[in-house]
J.: 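Have a look at the structure that comes next, please.
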Amino acid sequence: RLRKWQRRIRVSNATERNLAFALSELDRMASALGLPRNVRETAAVVYRDAVDKNLIRGRSIEGVAAAALYAACRQCSVPRTLDEIAEVSRVSRKEIGRTYRFISRELGLKLLPTSPIDYVPRFCSGLTLKGEVQSRAVEILRQAGERELTSGRGPTGVAAAAIYISSILSGERRTQREVAEVAGVTEVTIRNRYKELAEKLDIEIIL
Amino acid sequence: MSFNPEDSLKIENIVASAKVCDSLDLPTLAAEIKGAEYNKKRFPGVVLRMTDPKIAALVFGSGKVVLTGAKSIESLNRGLEILGGLLRDLKIDIPDDLTYKIQNIVTSADLGTPINLNKIAVGFNLDRIEYEPEQFPGLVYRLEEPKVVVLLFGSGKLIITGGKQPEDARGAVQKILSDLSNLGMI
DNA sequence: GCTTTAAAAAGTAACAT
DNA sequence: ATGTTACTTTAGAAAGC
């Protein structure tokens, strides 16, 4: 009856309102992170799929939106770390990570672990390093992957170390501190990773 | 003879629960037993730390207790006996034949060979595995039989947790080894 | 879901020297 | 630059918020 219609309208309004809020949140976070439109669209699709499968129950819209954005970045090969997503979200890194695992499994996203290579373009541009340095860093990472030097190591740390080495080999040296800054890791991590890469890949680094 | 992963199995921690009586006065326990910690605001149980077998006990007002830290069934038995003794010293009626239930056993082991976690993340059953090196260096593998969770590291060392029988860890290692060989690794 | 306990694995972080 | 301590992950129980 009329009552039933009113309820449907209410639900519909609430659903639309929530979706609008989620989409604006995605846009706000994406802008803050300088993410391209395709990532925002991918995130919106992931979020809508999550809504359609009732994955929002017991979770905050912001948490699911942040997790959807994190997943979208990885799907589009322009990864952001959970810490970076958390910085522009009101939700904690832990909550985002937990929600990501959940929706990732429920939606069958099957995302492979983030590759250090996907961080190279962003970190290099942040250091104003040219394509040649990027290519060399990618080649180092490719070899590192084959030699099992990336198992269990943080993708950002390995990428940062490869870029550090590449910048020196290319005569466009960047300090550990500069690389650490854009990569969001500590200088100690870059030191540990680059020493391991240099040693096991037989790369001679002359400082 | 080659390296035997099963010989490297080592129990690192056992968690067990028990009921020692029908009720306990926590404030009294905290005051009478030296070293006892009790902050009702922080946690509803009294924390008791034993040294001989290094075990920590969480004692609740309901008479239920949780023992953690034991590295063997023997030390776990000893720990419960010692706890019973401490309570009896306070004139509390505690039965002589205390029983407990093991809730979780944490075991460490070593496959003896480095493992490429990235390859496993591709070859294994994707929905039973979680591998997020950005967050944690170990690959999380949930087994159905035995029902345990394994943390596998690139070094080839691993942690088996969630099991209730000491032998669950052995079964898990055998499972991991067969899965690995089936995929052409190891 | 959180709080507290214990313990291992390997990587990374924070702070001190 | 190195050293120490500490946090990440896993499981599980307990009583209560």
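A note on names: the letters A, B, ... follow the listed sequences, proteins ahead of strands, and every chain is numbered from 1. Reckoned from all heavy atoms, side chains included, excluding hydrogens, waters and symmetry mates.
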J.: Indicate whether OP1 or OP2 belonging to dT3(C) is found under 4.0 Å from a side-chain N or O atom of Arg42(B).
T.: no

J.: May I have the distance from Phe136(B) (atom CZ) to dT9(D) (atom P), rounded to whole angstrom?
T.: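 It is 8 Å, rounded to the nearest whole Å.
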
J.: Let me know the distance between CG of Asn39(B) and P of dG16(D), rounded to the nearest Å.
T.: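 So the two atoms are 17 Å apart, to the nearest Å.
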
J.: Could you give the distance separating dT8(D) and dC2(C) at their P atoms, to the nearest angstrom?
T.: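 Straight-line distance between the two P atoms is 11 Å.
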
J.: Is there a side-chain polar atom (N or O) of Arg191(A) under 4.0 Å from OP1 or OP2 of dA1(D)?
T.: yes

J.: Select base, sugar-phosphate, or nothing to describe what Val59(B) touches, counting heavy atoms under 4.0 Å on all strands.
T.: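 No contact.
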
J.: Write down the distance between NZ (Lys19(B)) and C1' (dA15(D)), rounded to a whole number of angstrom.
T.: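 Between C1' of dA15(D) and NZ of Lys19(B): 13 Å.
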
J.: Pick the nucleotide of DNA chain D nearest each of Arg93(A) and Thr68(B); which residue has the one closer to the 5' end?
T.: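 Nearer the 5' end of the strand: Arg93(A).
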
J.: CG of Leu90(B) to CD1 of Ile33(B): how many Å apart, nearest 0.5 Å?
T.: 5.5 Å

J.: What I want to find out is whether Arg88(B) reaches Asp96(B) closely enough, with some N-O distance under 4.0 Å, to be called a salt bridge.
T.: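 Salt bridge: yes.
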
J.: Using the ring of Tyr141(B) (Phe, Tyr or Trp, six-membered ring only), decide whether Arg128(B) places NZ or CZ under 6.0 Å from its centre and within 45 degrees of its axis.
T.: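 No; the conditions do not both hold, so Arg128(B) does not lie above the ring face of Tyr141(B).
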
J.: To the side chain of Leu151(B), which of dT10(D), dA1(D), dT4(C) is closest?
T.: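 Out of dT10(D), dA1(D), dT4(C), the nucleotide with an atom closest to Leu151(B)'s side chain is dT10(D).
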
J.: Nearest-nucleotide wise, let me know which of Gly184(A) and Thr161(B) is further upstream toward the 5' end of DNA chain C.
T.: Thr161(B)

J.: With no hydrogens and no angle check, do the side chains of Ser108(B) and Glu12(B) hold a donor and an acceptor under 3.5 Å apart?
T.: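 The criterion, which ignores hydrogens and geometry beyond distance, is satisfied for Glu12(B) and Ser108(B).
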
J.: May I ask you to verify if any side-chain N or O of Lys54(B) is less than 4.0 angstrom from the OP1 or OP2 atom of dA7(C)?
T.: yes

J.: Determine whether the side chains of Arg170(B) and Gln165(B) contain a donor N or O and an acceptor N or O closer than 3.5 Å.
T.: no

J.: Ignoring backbone atoms, test whether Arg142(B) places a side-chain nitrogen or oxygen under 4.0 Å from the OP1 or OP2 oxygen of dT9(D).
T.: no

J.: What integer distance in Å separates Leu67(B):CG from dA11(D):P?
T.: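 Roughly 21 Å, once rounded to whole Å.
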
J.: When clusters are formed from ILVMFWY side-chain contacts under 4.5 Å, directly or step by step, what else is grouped with Val140(B)?
T.: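 Grouped by the 4.5 Å side-chain rule, Val106(B), Phe136(B), Val149(B), Leu151(B), Phe153(B), Ile159(B) form the rest of the cluster around Val140(B).
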
J.: Taking the side chain of Pro137(B) as heavy atoms from C-beta outward, which of dA9(C), dG11(C), dA13(C) is closest to it?
T.: dG11(C)

J.: Hey, is the side chain of Arg49(B) poking within less than 4.0 Å of OP1 or OP2 on dT5(C), counting only N and O atoms?
T.: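 So the side chain of Arg49(B) is within the cut-off, an N or O lying under 4.0 Å from OP1 or OP2 of dT5(C).
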
J.: On a whole-Å scale, what distance lies between the P atoms belonging to dA7(C) and dG3(D)?
T.: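 Looking at atom P only, dA7(C) and dG3(D) are 25 Å apart.
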
J.: Could you please name the partner base of dA6(C), counting Watson-Crick and G-U wobble pairs only when both distances are under 3.5 Å?
T.: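 Pairing partner, where one exists within any strand: none, as none qualifies.
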
J.: With respect to the phosphate group of dA15(D), does any side-chain polar atom (N or O) of Ser62(B) fall under 4.0 Å of OP1 or OP2?
T.: yes

J.: Using atom CG of Leu26(B) as one end and atom P of dA14(D) as the other, report the distance to the nearest whole Å.
T.: 15 Å

J.: Report yes if a side-chain nitrogen or oxygen of Thr186(A) is closer than 4.0 Å to either non-bridging phosphate oxygen (OP1 or OP2) of dA13(C); otherwise report no.
T.: yes

J.: CG of Leu83(B) versus C1' of dA14(D): gap in Å, rounded?
T.: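 Leu83(B) atom CG is separated from dA14(D) atom C1' by 13 Å.
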
J.: If you look at every strand shown and take non-hydrogen atoms under 4.0 Å, does Gly152(A) touch a base, only sugar-phosphate, or nothing?
T.: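 Since only primed, P, OP1 and OP2 atoms lie under 4.0 Å of Gly152(A), the category is sugar-phosphate.
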
J.: Mapping Lys64(B) and Val188(A) onto DNA chain D by nearest heavy atom, which one lands closer to the 5' end?
T.: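 First, find each residue's nearest nucleotide; the 5'-ward one identifies Val188(A).
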
J.: Between Leu158(B) and Glu37(B), who's closer to the 5' end of DNA chain C by nearest nucleotide?
T.: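 Closest to the 5' end, via its nearest nucleotide, is Glu37(B).
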
J.: Quick one: Lys41(B) NZ to dT4(C) P, roughly how many Å, whole number?
T.: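 From Lys41(B) NZ to dT4(C) P: 15 Å.
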
J.: Please state how far atom CG in Asn104(B) lies from atom C1' in dA6(C), giving the value in whole angstrom units.
T.: 10 Å

J.: Phosphate oxygens OP1/OP2 of dA10(C): is one of them under 4.0 Å from a side-chain N or O of Ser155(B)?
T.: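 Ser155(B) to dA10(C) OP1/OP2: side-chain N or O found under 4.0 Å.
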
J.: Applying side chain to side chain donor-acceptor pair (under 3.5 Å) to Thr81(A) and Arg93(A), what does each step give before you reach the verdict?
T.: CA-CA 9 Å; Thr81(A) 63; Arg93(A) 191 219 72 222; over 6 Å; no

